[in-house]
Amino acid sequence: AVVSTQSTGVDVRIEAGEFIAHIFEMGREYDEAFDEQVDNFQELLDDLNKLQTDGARFRAKRDRKMQRASFREIFASVCGEGMVREQVKVSLNESVTLTTWSERVQYGAVKEVLGTATSLHLQQNVFVREIFGLGAVPLRVEPVSRGEKLEMKKLNAACHKARQKNMLKQRDKRMVL
């Protein structure tokens with residue numbers, strides 16, 4: 001994994017870094033003194049630090065940005081300073097919070113398999129919802145009928161018109177001063 005962090009491909013470097021962070025996370029769960037048992041720990045930290053501050057011009061700007069952002073999280077995680085935290089929005093009032101590298105790897109695998117249908121499965125698939133601890137599928141709210149929607153639009157338009165008139169009056173008052 002450490003050799004892969006020196007690869008020419010940014011995706012390979014990032015995956016290798018995430019693998020290292022995952023290994024350290026699992027190692028610390030198993031043994032609190034995991035860091036002391038790792039050979040060349042300081043060299044690994046130096047390599048990760050170089051990757052998080054890499055500014056080589058021969059790499060594409062987008063790749064440098066992705067690499068630095070990823071390795072900042074990886075470096076903090078390996079040092080034990082920070083936790084990974086990623087929020088994935090499922091629906092209007094639901095989201096999944098990924099707080100460990102294990103959860104991130106799991107979400108990445110599900111996302112890879114399901115592709116663009118991931119959000120739909122997170123909303124409706126009982127098994128996928130169970131994996132991420134979302135609970136039962138929420139009951140669907142009845143869709144708004146066409147007439148109700150028209151009434152809501154009329155009400156919003158009237159409120160908007162009143163707001164605009166009020167703002168215009170306020171602007172006129174400031175102009176006089």
Side-chain angles (χ1 to χ4, degrees), residues 1-31 34-35 38 44-45 47-56 58-146 148-149 152-153 156:
V2 177
V3 175
S4 297
T5 57
Q6 305 304 322
S7 173
T8 56
V10 70
D11 294 331
V12 174
R13 287 193 301 271
I14 291 172
E15 287 295 324
E18 288 177 355
F19 178 73
I20 291 169
H22 188 107
I23 294 294
F24 270 83
E25 178 183 83
M26 290 181 0
R28 287 185 184 126
E29 285 178 14
Y30 179 73
D31 184 10
F34 180 75
D35 297 352
V38 175
L44 175 65
L45 288 179
D47 287 345
L48 292 176
N49 191 30
K50 285 178 190 170
L51 288 166
Q52 82 172 353
T53 57
D54 185 23
F58 63 87
R59 288 190 175 87
K61 187 175 182 178
R62 181 185 155 275
D63 290 349
R64 286 193 311 255
K65 188 177 178 181
M66 258 179 32
Q67 178 178 314
R68 285 194 301 254
S70 296
F71 276 96
R72 263 188 304 250
E73 289 180 339
I74 292 166
F75 182 76
S77 179
V78 170
C79 287
E81 297 171 356
M83 274 183 103
V84 123
R85 185 173 174 84
E86 186 176 342
Q87 193 93 9
V88 178
K89 194 168 183 175
V90 176
S91 65
L92 288 174
N93 53 1
E94 261 187 322
S95 62
V96 175
T97 305
L98 309 172
T99 55
T100 64
W101 285 102
S102 302
E103 290 174 350
R104 244 184 165 180
V105 168
Q106 198 173 32
Y107 178 74
V110 168
K111 191 174 168 183
E112 185 73 27
V113 169
L114 298 176
T116 57
T118 304
S119 61
L120 181 66
H121 280 275
L122 283 170
Q123 291 172 11
Q124 299 174 358
N125 189 328
V126 177
F127 179 69
V128 174
R129 290 180 65 82
E130 197 173 286
I131 289 173
F132 294 106
L134 289 170
V137 178
L139 297 173
R140 282 203 155 159
V141 179
E142 289 296 319
V144 180
S145 71
R146 194 171 187 175
E148 290 173 346
K149 193 172 185 179
M152 288 174 27
K153 277 188 173 183
N156 284 340

Asker: With no hydrogens and no angle check, do the side chains of Gln87 and Thr97 hold a donor and an acceptor under 3.5 Å apart?
Answerer: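 Yes, a side-chain donor-acceptor pair sits under 3.5 Å.
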Asker: Could you grab the distance from atom CZ of Arg13 to atom OG of Ser70, nearest 0.5 Å is fine?
Answerer: 10.5 Å
Asker: How many angstroms lie between CG in Leu120 and OG in Ser91, if you round to the nearest 0.5 Å?
Answerer: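 Going from CG on Leu120 over to OG on Ser91, the span is 11.5 Å.
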Asker: Flag the pair Ile74 / Trp101 as yes when at least one side-chain heavy-atom distance between them is below 4.5 Å, and no otherwise.
Answerer: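 Heavy-atom side-chain distance check passes, below 4.5 Å.
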Asker: Nearest 0.5 Å please: distance from the OG1 atom of Thr100 over to the CD atom of Gln106.
Answerer: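 Interatomic distance, Thr100 OG1 to Gln106 CD, rounded to 0.5 Å: 8.0 Å.
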Asker: Counting C-beta onward and ignoring hydrogens, is there a side-chain heavy-atom pair between Glu18 and Ile14 closer than 4.5 Å?
Answerer: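 A side-chain contact exists here, since the closest heavy-atom pair is under 4.5 Å.
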Asker: So does Thr99 get a backbone contact from the side chain of Glu103, meaning a donor-acceptor N/O pair under 3.5 Å?
Answerer: yes
Asker: Any Lys/Arg nitrogen of Glu94 or Arg129 sitting under 4.0 Å from an Asp/Glu carboxylate oxygen of the other?
Answerer: yes
Asker: Report the C-alpha distance between Val105 and Phe19 in whole Å, list the side-chain angles of each, state the deciding distance to 0.1 Å, and finish with yes or no for side chain to side chain contact (heavy atoms under 4.5 Å, CB included).
Answerer: CA-CA 9 Å; Val105 168; Phe19 178 73; over 6 Å; no
Asker: Can you check whether Leu98's main-chain N or O pairs, donor with acceptor, with Glu86's side chain at less than 3.5 Å?
Answerer: no
Asker: State the CD-CD distance between Glu29 and Glu25, to the nearest 0.5 angstrom.
Answerer: 5.5 Å
Asker: Can any side-chain N or O of Ser77 pair as donor or acceptor with the backbone N or O of Glu73 at less than 3.5 Å?
Answerer: no
Asker: Would you compute the distance between atom CZ of Phe75 and atom CD1 of Ile20 and round it to the nearest 0.5 angstrom?
Answerer: 12.5 Å
Asker: Would you compute the distance between atom OG1 of Thr118 and atom CD of Gln123 and round it to the nearest 0.5 angstrom?
Answerer: 11.0 Å
Asker: Check Leu122, Val96, Ile131 against Tyr107 for a side chain to side chain contact (heavy atoms under 4.5 Å, CB included) and give me the one that passes.
Answerer: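 Exactly one pass, corresponding to Leu122.
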